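In what follows, a structure is listed as structure tokens, so that the remarks can point back to it.
The basis for the numbers below is simple: all heavy atoms, side chains too, and nothing from hydrogens, waters or symmetry mates. All values derive from a computational prediction rather than experimental measurement.
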Amino acid sequence: MKVAVLTPLSLEREAVLAHLADVEQKILNGELYHRGTFTGAHHTFEVTVKETGSGNTTAGLAAEKIITAVQPQLLFLTGIAGGVKDVAVGDVVIGTQAHGYESGKETPGGFRARPKSYWSNKSLIDLAQIVAGQDVWHERHRAAGKKARVFFGPIASGEKVITATDALAFQQLKLHYNDTLALEMEAHGVGCALHGHAHVHWLNVRGISDLCTGKNAAEDLLRQPYAAAQGAAFLFEMLYKLNAKELNLPIMTAKDLSTAVFNILFPITRLESVKEIGKDLSEATDGTVRELWEKVKPYLIEEVEELEKSPQDTDSQADVRNKMKKV
């Protein structure tokens, strides 16, 4: 399965790469990515990682580019965040929603919020709840303490770095989005991008590095890598336990099916090729793909049997190709 992981900062990227094997750099469509593999209990994952830089616009654009380049089934945004409510340093927050807390209108009477939020994928939220309940994810981060907790709730995104709880932006956040657990600068942009890619399941996983107050460079050098490692540890425990069939994730998309049909079947000389495709598709969980295959399969078998009678007849093969396009 193909997985895309976006991290705003290099230290967050390194926390993710620490869990991968056979890591290599790749240039895809002019963009630099890191790619490696991760073996879970049910699947082997091809994980492509992109360091996006900070900001919603930048992260949203990176999400669009990595989806185009990689065609992932899953996309994770992970890294550090500032705690707003209930959480402590080292805790993990699963972003059920991404609030754009700066969306609104400035009036003579003050700021009037116009909420814009994007939801993460429910199947991945459910899986995260299972992982949180089993409470073994700490083992993937050796420096972690088992006292760290996992919270589920909205994460707010803006273009400001907030370092004080008495700042105007923080007060507006608490007033208009008082269910927010953590604050960062990318999730709303990624959520906006993923809104147009419903086939890609996505989730925001954050480690808490500070509480939006009392920040200083010396503590950041310790807390930020620790928090990034916490988020990455939880993410990869999710991948380890993830079963695409249980979460109704499509292992093969309609586009993959079309590619398989044309690349494998034509030209073709053996009926075994059809059987092999049938075997591959038995693992597909996407209902549309299964329905399409059931309709096409009898036709393919009939035509392939005809081709076997005259495997060198290029005209017959061309005729089958044209019929397949109509199907």
Side-chain angles (χ1 to χ4, degrees), residues 1-6 38 40-43 45 47 56 59-60 63-64 66-67 70-79 81 84-87 91-101 115-137 149-157 177-184 186-207 231-254 283-290:
M1 293 186 65
K2 294 181 180 180
V3 178
V5 180
L6 302 178
F38 177 78
H42 305 282
H43 308 283
F45 299 92
V47 182
N56 283 297
E64 287 283 356
I66 201 169
I67 290 172
V70 178
Q71 297 294 315
Q73 289 108 328
L74 303 171
L75 185 146
F76 292 92
L77 173 64
T78 190
V84 175
K85 177 182 177 182
D86 299 333
V87 299
D91 288 343
V92 170
V93 175
I94 305 301
T96 58
Q97 293 171 266
H99 289 327
Y101 73 90
K116 291 183 180 179
S117 301
Y118 295 99
W119 282 88
S120 297
N121 177 260
K122 185 181 184 302
S123 295
L124 291 181
I125 294 172
D126 290 345
L127 174 61
Q129 290 174 333
I130 293 173
V131 172
Q134 294 174 345
D135 203 32
V136 298
W137 62 272
R149 299 167 297 172
V150 181
F151 291 83
F152 293 78
I155 294 180
S157 296
Y177 299 89
N178 60 12
D179 58 348
T180 295
L181 297 182
L183 177 66
E184 36 91 318
E186 294 81 27
H188 193 258
V190 172
C192 181
L194 269 293
H195 190 62
H197 298 279
H199 62 288
V200 181
H201 291 12
W202 84 283
L203 188 67
N204 187 17
V205 181
R206 296 284 179 154
F234 191 91
L235 189 162
F236 280 95
E237 184 64 19
M238 285 186 62
L239 284 185
Y240 181 79
K241 288 185 168 59
L242 188 147
N243 185 336
K245 293 181 179 180
E246 292 178 355
L247 296 185
N248 197 29
L249 292 174
I251 296 176
M252 180 177 284
T253 65
E283 298 182 357
T285 59
D286 183 279
T288 303
V289 174
R290 297 293 295 273

**Message:** Taking V150's backbone N and O only, do any of them form a donor-acceptor pair with D91's side chain (distance below 3.5 Å, no angle check)?
**Reply:** no

**Request:** Give, for atom CG of L242 and atom CE of M1, the distance between the pair rounded to the nearest 0.5 Å.
**Result:** 6.0 Å

**Request:** Search all heavy atoms of V131 against all heavy atoms of K241 and return the closest pair with its distance.
**Result:** CG2-CD, 4.0 Å

**Complete:** Between the OH atom in Y101 and the OG atom in S157, the distance rounded to the nearest 0.5 Å is 8.5 Å

**Message:** Rounded at 0.5 Å granularity, tell me how far NE2 in H201 sits from CD1 in I125.
**Reply:** 11.0 Å

**Request:** Just do the side chain to side chain donor-acceptor pair (under 3.5 Å) check on H199 and Q73 with the steps written out, would you?
**Result:** CA-CA 7 Å; H199 62 288; Q73 289 108 328; over 6 Å; no

**Asked** Do you know the tightest heavy-atom contact between L74 and F76?
**Response** CB-CE1, 4.1 Å

**Atom pair CD (Q134) and CD (Q129), whose distance is rounded to the nearest 0.5 Å** = 12.5 Å

**Item:** E184 (side chain) donor-acceptor with A187 (main chain) under 3.5 angstrom
**Value:** yes

**Fill in**
On a heavy-atom basis, the closest approach of L194 and A63 is CD2-CB, 4.0 Å

**Request:** For a side-chain contact (heavy atoms from CB on, under 4.5 Å) with L235, tell me which candidate from V47, T78, I94, V92 qualifies.
**Result:** T78

**Residues, nucleotides or ligands: over 12 heavy atoms within 6.0 Å of K116 NZ** = no

**Asked** Going through the checks in order, is the side-chain contact (heavy atoms from CB on, under 4.5 Å) test met by L77 and V205?
**Response** CA-CA 6 Å; L77 173 64; V205 181; over 6 Å; no

**Prompt:** About how many Å separate CG of N204 and CD1 of I155, when rounded to the nearest 0.5 Å?
**Reply:** 4.5 Å

**Prompt:** Of all heavy-atom pairs between H99 and T180, which one has the smallest distance, and what is that distance?
**Reply:** CD2-OG1, 3.5 Å

**Request:** Run the salt-bridge test on R206 and E186 with the 4.0 Å N-O cut-off and return the result as yes or no.
**Result:** yes

**Message:** Other residues, nucleotides and ligands only: do more than 12 of their heavy atoms fall within 6.0 Å of NE2 on H42?
**Reply:** yes

**Request:** Write down the atom of L6, the atom of A59, and the distance for their closest heavy-atom approach.
**Result:** CD1-O, 4.2 Å

**Asked** Relative to each other, are the rings of W137 and F234 parallel, tilted or perpendicular (30° and 60° limits)?
**Response** perpendicular

**Prompt:** Donor-acceptor pair, N56 side chain versus H188 backbone, under 3.5 Å?
**Reply:** yes

**Request:** Give, for atom CD of Q97 and atom OG of S117, the distance between the pair rounded to the nearest 0.5 Å.
**Result:** 5.5 Å

**Asked** Hey, mind stepping through H197 and L75 against side-chain contact (heavy atoms from CB on, under 4.5 Å) and telling me if it holds?
**Response** CA-CA 11 Å; H197 298 279; L75 185 146; over 6 Å; no

**Request:** Identify the heavy atoms of F45 and V3 that sit nearest to each other, and give their distance.
**Result:** CD2-CG2, 3.5 Å

**Asked** Between the main-chain N or O of L203 and the side-chain N or O of S120, is there a donor-acceptor pair closer than 3.5 Å?
**Response** no

**Request:** Please test N243 against L247 for side-chain contact (heavy atoms from CB on, under 4.5 Å), starting from the C-alpha separation and ending with a verdict.
**Result:** CA-CA 6 Å; N243 185 336; L247 296 185; over 6 Å; no

**Request:** Fit a plane to each ring of Y240 and F38, take the angle between them on a 0 to 90° scale, and name the class: parallel (under 30°), tilted (30 to 60°) or perpendicular (over 60°).
**Result:** perpendicular

